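First comes the structure, then the notes that go with it.
Because the structure is predicted, anything quoted here is derived from the model rather than measured. Just so we're on the same page: letters track the sequence lines, and every chain starts at 1.
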Protein chains: 2
Amino acid sequence: MTRTTQLSRQSSQERQASLIQAATTLFAKKGFNGTTTKEIARAAGISEALVFKHFPTKRALYAAILAEKVTVNELLGAIEESAKKQDDRRVFTLIAGYRIRPDVDPTLLRLLLFSALEGHELSDMFFGKHHKVFYDHLATYIQTRVNDGAFRPLDPLLAARAFIGMVVHHRLLHEIFGVPMDRPYDDTVSTYVDIFLQGLVAAPHTSGARKLRTRI
Amino acid sequence: MTRTTQLSRQSSQERQASLIQAATTLFAKKGFNGTTTKEIARAAGISEALVFKHFPTKRALYAAILAEKVTVNELLGAIEESAKKQDDRRVFTLIAGYRIRPDVDPTLLRLLLFSALEGHELSDMFFGKHHKVFYDHLATYIQTRVNDGAFRPLDPLLAARAFIGMVVHHRLLHEIFGVPMDRPYDDTVSTYVDIFLQGLVAAPHTSGARKLRTRI
DNA sequence: ATCCGGCGAGTGAGTGATTACTCACCGGAA
DNA sequence: TTCCGGTGAGTAATCACTCACTCGCCGGAT
């Protein structure tokens with residue numbers, strides 16, 4: 001057994017942090033029901049009893065994880081800036097890049113899906129912090145571009161969901177379903193943005209009778 | 001207690017069928033680890049022991065479900081037909097319609113996600129039967145349209161994934177994350193198809209230098 | 001007609017293992 | 001001495017799974 005680390009006493013805060021770290025990995029990999037408190041303790045290098053000194057129940061530990069893992073939104077600043085310049089391509093690339101980039105931890109995606117599927121009470125909040133911000137932001141941007149006349153009139157929220165859907169689906173296929181992706185990552189983003197921007201711009205291609213029912 | 005049904009003896013096949021039915025609902029709702037064999041037995045109206053007369057293990061029952069729930073592909077015929085007529089809009093609408101229509105059982109989507117997340121060995125096959133057929137089909141169609149010159153050159157598989165991604169994401173938001181959808185269903189489909197078709201057609205909107213790196 | 005014997009559907013009452021969680025206790029630093 | 005981080009050894013409950021058994025039905029010998 002190689003248990004070289006964590007022999008020493010740690011402060012309560014340090015312990016709690018490394019405990020959350022270990023638990024996050026396990027919950028993301030095997031879900032709430034699939035993870036035992038014994039496993040968590042072993043992964044954190046402590047006894048099972050100590051886990052319950054920090055969190056009263058297993059569920060409380062899980063809740064703490066969902067509550068803690070909020071996206072750091074330095075990204076939103078960059079988007080805001082590109083939005084002011086009306087740089088469509090860059091706005092979409094930034095959002096797609098964040099959601100699709102392979103170096104962004106796939107753990108959160110799994111955690112999000114698990115919590116939603118298992119119906120955890122904090123799932124909504126987790127979803128709000130991790131997904132909703134993105135398409136609310138994007139929807140707002142699309143709305144302004146529609147008002148400009150740069151994009152054709154359509155439901156901006158629906159359009160935002162559609163774009164993020166493409167991109168999230170790509171991550172899903174790769175990380176959850178294990179579909180191999182042969183093209184380099186930024187190549188893929190570029191293609192997605194290409195398709196989508198051309199799909200949104202004001203000039204419609206009107207082949208035959210296209211009934212374009214759009215409210216708002 | 002209202003246990004009016006299933007007091008009588010049933011044939012092995014009938015039992016097995018109703019057992020699978022009951023188990024499917026439960027596995028989809030709570031996942032493999034979240035469902036107990038006692039629950040399954042109770043839902044099927046039989047004793048727990050009888051469950052194990054039909055399936056040697058809980059996992060075997062789960063495997064039987066994944067193996068059994070294969071999509072009936074009467075839909076693919078309709079798509080094929082529209083594809084021959086090169087009716088782009090109808091091809092995409094058919095695929096989107098199937099994947100997004102609210103009357104199509106959400107159970108399968110949950111089952112698919114659970115099996116993938118929990119890493120079940122039959123997940124791949126289940127995914128292949130339920131998802132892969134759709135975007136392989138769509139990719140083939142897109143490829144022919146690219147060859148025709150009707151669509152601009154791009155990776156057809158990537159494009160197919162992108163479109164189905166939009167549509168699956170929509171179901172995900174609604175059925176898994178509980179996001180309310182205020183627009184009627186066929187209105188949404190129409191918008192998605194609008195965006196996507198315009199994004200694919202041959203005339204690019206070329207704002208500035210658009211590097212369009214496409215292989216194949 | 002009646003008896004019989006085997007068979008398959010069905011079950012109650014368990015089995016050991018594992019679960020989340022508790023408690024009495026330890027040892028080093030202040 | 002007194003906290004406080006840390007633990008070993010539990011506990012009751014629950015888990016998947018088993019076993020010995022009953023019941024009703026059907027086909028054939030009497």
Footprint string (nucleotides 20-30 of chain C, 5' to 3'): B base within contact, S backbone only, - free, heavy atoms under 4.0 Å: BBBBB--B---
Could you tell me the separation between the CD1 atom of Ile46(B) and the C1' atom of dG8(C), rounded to a whole number of Å? 14 Å
Less than 4.0 Å between a side-chain N and a carboxylate O, is that true for Glu118(B) and Lys29(A)? no
For residues 42-67 of chain B, pull every pair meeting ring pair (Phe, Tyr, Trp, His ring centres under 6.0 Å), keeping only residues two or more places apart or in separate chains. Phe27(B)-Tyr62(B), Phe32(B)-Tyr62(B), Tyr62(B)-His120(B)
Starting from P on dG5(D), measure out to CD on Glu14(A) and report it in whole angstrom. 11 Å
List in chain and number order the residues that pass side chain to side chain donor-acceptor pair (under 3.5 Å) with Asp136(B), two or more places apart in sequence or in another chain; answer none if no residue qualifies. Lys132(B)
Whole angstrom is fine here: how far is it from CD1 in Ile40(B) over to C1' in dC17(D)? 13 Å
Does a nitrogen or oxygen in the side chain of Arg15(B) sit under 4.0 Å from OP1 or OP2 of dG10(C)? yes
Taking the ring centre of each residue, are His131(B) and Phe126(B) less than 6.0 Å apart? no
Check the pair Asp194(A), Gln198(A) against side-chain hydrogen bond (donor to acceptor under 3.5 Å, both in side chains), reporting the backbone distance first and the verdict last. CA-CA 6 Å; Asp194(A) 274 338; Gln198(A) 186 180 321; over 6 Å; no
Is there a residue in residues 20-30 of chain B whose heavy atoms reach under 4.0 Å of DNA chain C, and which residues are they? none
Backbone of Arg90(A) reached by a side-chain donor or acceptor of Asp87(A) within 3.5 Å: yes
Report the distance from atom OH of Tyr62(B) to atom C1' of dC15(D), rounded to the nearest whole Å. 18 Å
What residues, two or more places apart in sequence or in another chain, satisfy side chain to side chain donor-acceptor pair (under 3.5 Å) together with Lys30(B)? Glu39(B)
Of Leu111(B), Leu112(B), Asp124(B), the one forming a side-chain contact (heavy atoms from CB on, under 4.5 Å) with Leu66(B) is Leu111(B)
Could you give the CD-to-P distance, from Glu39(B) to dC15(D), as a whole number of Å? 7 Å
Write down the distance between NE2 (His54(B)) and P (dA9(C)), rounded to a whole number of angstrom. 7 Å
Could you state the CD-C1' distance from Gln10(B) to dG24(D), rounded to the nearest angstrom? 16 Å
With Tyr135(B) via ring pair (Phe, Tyr, Trp, His ring centres under 6.0 Å) - residues at least two apart: none
